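The block underneath contains the structure these notes are about, expressed in structure tokens.
In what follows, every heavy atom counts, from backbone to side chain, and hydrogens, waters and symmetry copies are set aside. It should be emphasised that the depicted structure is a prediction, and the values quoted were computed from it without experimental measurement.
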Amino acid sequence: MSNTYTVVNPATEQAVTDVQMADLAAVDAAIDRAAAALPAWRAITPGERATLLRRFASVVDAHVEELAELEVRNSGHTWGNAVWEAGNVRDVLNYYSASPERLTGHQIPVGDGVDITFHEPLGVVGIIVPWNFPMPIAAWGFGPALAAGNTVVLKPAELTPLTAIRLGELALMAGLPEGVLTIVPGRGSIVGERFVTHPTVRKVCFTGSTGVGKRIMAGCADQVKRVTLELGGKSANIVFADADLTKAAAAAPSAVFDNAGQDCCARSRILVERSAYDEFVSLLEPAVQGIKVLDPSDRSSEMGPLISAAQKATVQGYVDDVEVAFSGSRPDGPGFWFAPTVVLTDDPSERIWRDEVFGPVVAVMPFDDEAQAVQLANDTEFGLSGSIFTRDVGRALRVSRAVEAGNLSVNSHSAVRYWTPFGGFKQSGLGRELGPDAPHSFTEVKNVFISNE
């Protein structure tokens, strides 16, 4: 097996560069360097660790456009998305730079002494990043992990390693010591598997498919190793008849076709109250057909290509099984292009309704009342995200509490803010990322009793 991987631009199918893939010895060496760097990093005063994280954020900020350009070529992301993603890395680092000085424990009343708690870093953390959002998801792991005093080894996806490699270089430029953040490109069967089996790695953060996440969770159980999993989704966009239908229909395409549908939060099931169904669908069609699907190097592009030929074939396999109601455009010529596609169905057993397609395909289904909307929304093994469109505040609260998902938005499709928690119910994951409590998930609570006798 070759020790290099050729990175391909998904918009042109042309090679971008070759990346060296780590073998088992290289992975072990990277973990050893992270372990060697740990004592000094955890001993740094909270203020100095905060300063280094802010400096890292500042260096990222100075390279936002460079990172965005890399992501456009490597991942096929639109320029607007790529700039936001690089900026999100900066923002996450700035946010968690406040954590070292605020990672406080408790003083608990006891008799005959004092009882206090500490949040101790776990040690070496292994982070496995997917190909759909390489920069933000990397930062969601390493930002709070570093803030809590851990060192990090990070495996980018084979398809999209370039921005992670550059972030590792920028960390060193910012003054983070060698071994504190190490990027280890390689195959999942080698690098990811070693994060799971190596006893020095005390936690694994994985974002990806539910099937792989289950295998990682099972592997981590052998060492009682901590694990955070952010897995698949099949989120519902529930539109009630009293909603602003024009707004709901205009917003629906971006909620599922952003990043060409390669988003675990994609609202790929639209549920519409039957009395408003025909009107909603008539409003949805021009909104879908108006999406600018262009080469992402064109800064007016609103949707780029799928990541690979294999992913395009997978998505096409779902569409071949159903009748397409209408679709948008796509460029001709090279590139892994797929037009935004809408399917109408009333059968909740269909694959297009149940499976995570991970492409620009959405299914629309009518419902009769609030109870049926909730039942259909919850009729899935996933529970990551979702949206509810209604003018009725009471209904919004009832349905929000009833839908089994970790991140819900009312009259909006906003799913992720770095200062609020993110994660899934059911088979969409385990644990939470982001928000004020994320550093705690990279620590152990130590209780200390000091006798006054």
Side-chain angles (χ1 to χ4, degrees), residues 5-13 74-78 81 128-134 137 156-161 187-189 192 206-216 230-235 253 255-270 288 291 293 296 303-343 345 347-364 380-382 384-385 424 427-429:
Y5 181 84
T6 301
V7 174
V8 172
N9 183 332
T12 65
E13 303 184 45
N74 189 175
S75 302
H77 291 189
T78 63
N81 278 13
I128 303 171
V129 177
W131 49 257
N132 60 328
F133 291 106
I137 293 174
E158 294 98 307
L159 291 167
T160 56
R187 294 175 175 83
S189 58
F206 171 78
T207 300
S209 72
T210 297
V212 174
K214 289 177 180 179
R215 294 199 296 273
I216 287 173
E230 198 275 280
L231 307 175
K234 191 67 176 176
S235 299
V256 66
F257 301 138
D258 184 60
N259 200 31
Q262 299 166 126
D263 182 354
C264 49
C265 288
R267 276 65 162 179
S268 56
R269 295 182 301 151
I270 303 178
V288 170
I291 296 171
V293 184
M303 190 184 106
L306 293 168
I307 189 64
S308 66
Q311 188 64 19
K312 180 179 177 180
T314 297
V315 176
Q316 186 64 54
Y318 282 100
V319 173
D320 288 342
D321 290 343
V322 296
E323 181 178 344
V324 172
F326 51 87
S327 61
S329 65
R330 66 176 180 83
D332 296 324
F336 309 122
W337 300 100
F338 204 98
T341 299
V342 177
V343 175
T345 182
D347 182 359
S349 68
E350 284 191 325
R351 282 202 320 143
I352 200 74
W353 185 257
R354 306 203 67 81
D355 292 0
E356 184 177 35
V357 177
F358 226 59
V361 181
V362 65
V364 187
T380 173
E381 65 186 14
F382 299 114
L384 185 57
S385 193
Q427 294 192 39
S428 282

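- For the pair V362 and V343, the minimum side-chain heavy-atom distance is 4.5 Å or more.
- With contacts defined as side-chain heavy-atom distances shorter than 4.5 Å, the pair K214/Q427 qualifies.
- Checked against side chain to side chain contact (heavy atoms under 4.5 Å, CB included), S308 has the following partners two or more places apart in sequence or in another chain: A310, Q311.
- In terms of modelled atom types and a separation under 3.5 Å, the side chain of R330 and the main chain of V293 share no donor-acceptor contact.
- With rounding to the nearest 0.5 Å, the separation of CG in D263 from CZ in F133 is 4.0 Å.
- Listed here is the closest heavy atom pair of P305 and A260: O-CB, 3.7 Å.
- Side chains of E230 and F206 form no contact here, defined as non-hydrogen atoms less than 4.5 Å apart.
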(message) side chain to side chain contact (heavy atoms under 4.5 Å, CB included), that's the test. Do V288 and F257 meet it? Break it down for me.
(response) CA-CA 9 Å; V288 170; F257 301 138; 3.9 Å; yes
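- A distance of 7.5 Å separates CG in L231 from OG in S209, rounded to the nearest 0.5 Å.
- For the 3.5 Å distance criterion, the side chains of T345 and D347 fail to qualify, holding no donor opposite an acceptor.
- For the pair T314 (side chain) and K312 (backbone), a donor-acceptor distance under 3.5 Å is absent.
- Here the straight-line distance linking atom CG of N9 with atom CG of N74 works out to 8.5 Å at 0.5 Å rounding.
- In this structure, V361 and V322 have side chains that are not in contact, with every pair of non-hydrogen atoms separated by 4.5 Å or more.
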(request) Determine, stepwise, if the pair V129 / T207 fulfils side chain to side chain contact (heavy atoms under 4.5 Å, CB included). (result) CA-CA 6 Å; V129 177; T207 300; over 6 Å; no
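- Residues N259 and N81 have side chains that never bring a donor and an acceptor to within less than 3.5 angstrom of each other.
- Contact detail for S428 and G424: the closest heavy-atom pair is CB-CA, 3.9 Å.
- Under the 4.5 Å side-chain criterion, counting only non-hydrogen atoms from C-beta, V256 is not in contact with P340.
- No donor-acceptor contact under 3.5 angstrom links the side chains of S235 and R269, judged on distance only.
- With sequence neighbours excluded, the residues satisfying ring-ring contact (aromatic ring centres under 6.0 Å, His included) with W131 are F358.
- At a threshold of 4.5 Å between non-hydrogen side-chain atoms, the residues P134 and P156 do not count as touching.
- Side-chain atoms of T341 and P360, non-hydrogen and from C-beta on, never get closer than 4.5 Å to each other.
- Under a 3.5 Å cut-off, the side chain of T210 and the backbone N or O of G232 do form a donor-acceptor pair.
- Between the side chain of Q262 and the backbone N or O of I307, at least one donor-acceptor pair lies under 3.5 Å.
- A distance-only check finds no donor-acceptor pair linking the side chain of H77 to the backbone of M303 [under 3.5 Å].
- The shortest side-chain heavy-atom distance between V324 and V342 does not fall under the 4.5 Å cut-off.
- One distance of note links CG of N132 with CG of L306; it measures 12.0 Å at 0.5 Å rounding.
- Identified under the side-chain hydrogen bond (donor to acceptor under 3.5 Å, both in side chains) test for residues 317-327, with sequence neighbours left out: Q316-D320, Y318-D355, D321-R351.
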(request) Kindly determine whether I352 and V357 satisfy side chain to side chain contact (heavy atoms under 4.5 Å, CB included), including the steps that lead there. (result) CA-CA 7 Å; I352 200 74; V357 177; 4.0 Å; yes
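- A donor-acceptor pair is defined here as one N or O able to donate and one able to accept, closer than 3.5 Å; such a pair exists between the side chain of R267 and the backbone of C265.
- Atoms OG and CG, on S329 and D332 in that order, are 10.0 Å from each other to the nearest 0.5 Å.
- Of all the heavy atoms in A157 and P130, the pair that sits closest is CB-C, 3.7 Å.
- Residues G233 and L384 share a closest heavy-atom pair of CA-CB, 4.4 Å.
- Atom NZ of K234 and atom CD of E356 lie 7.5 Å apart (nearest 0.5 Å).
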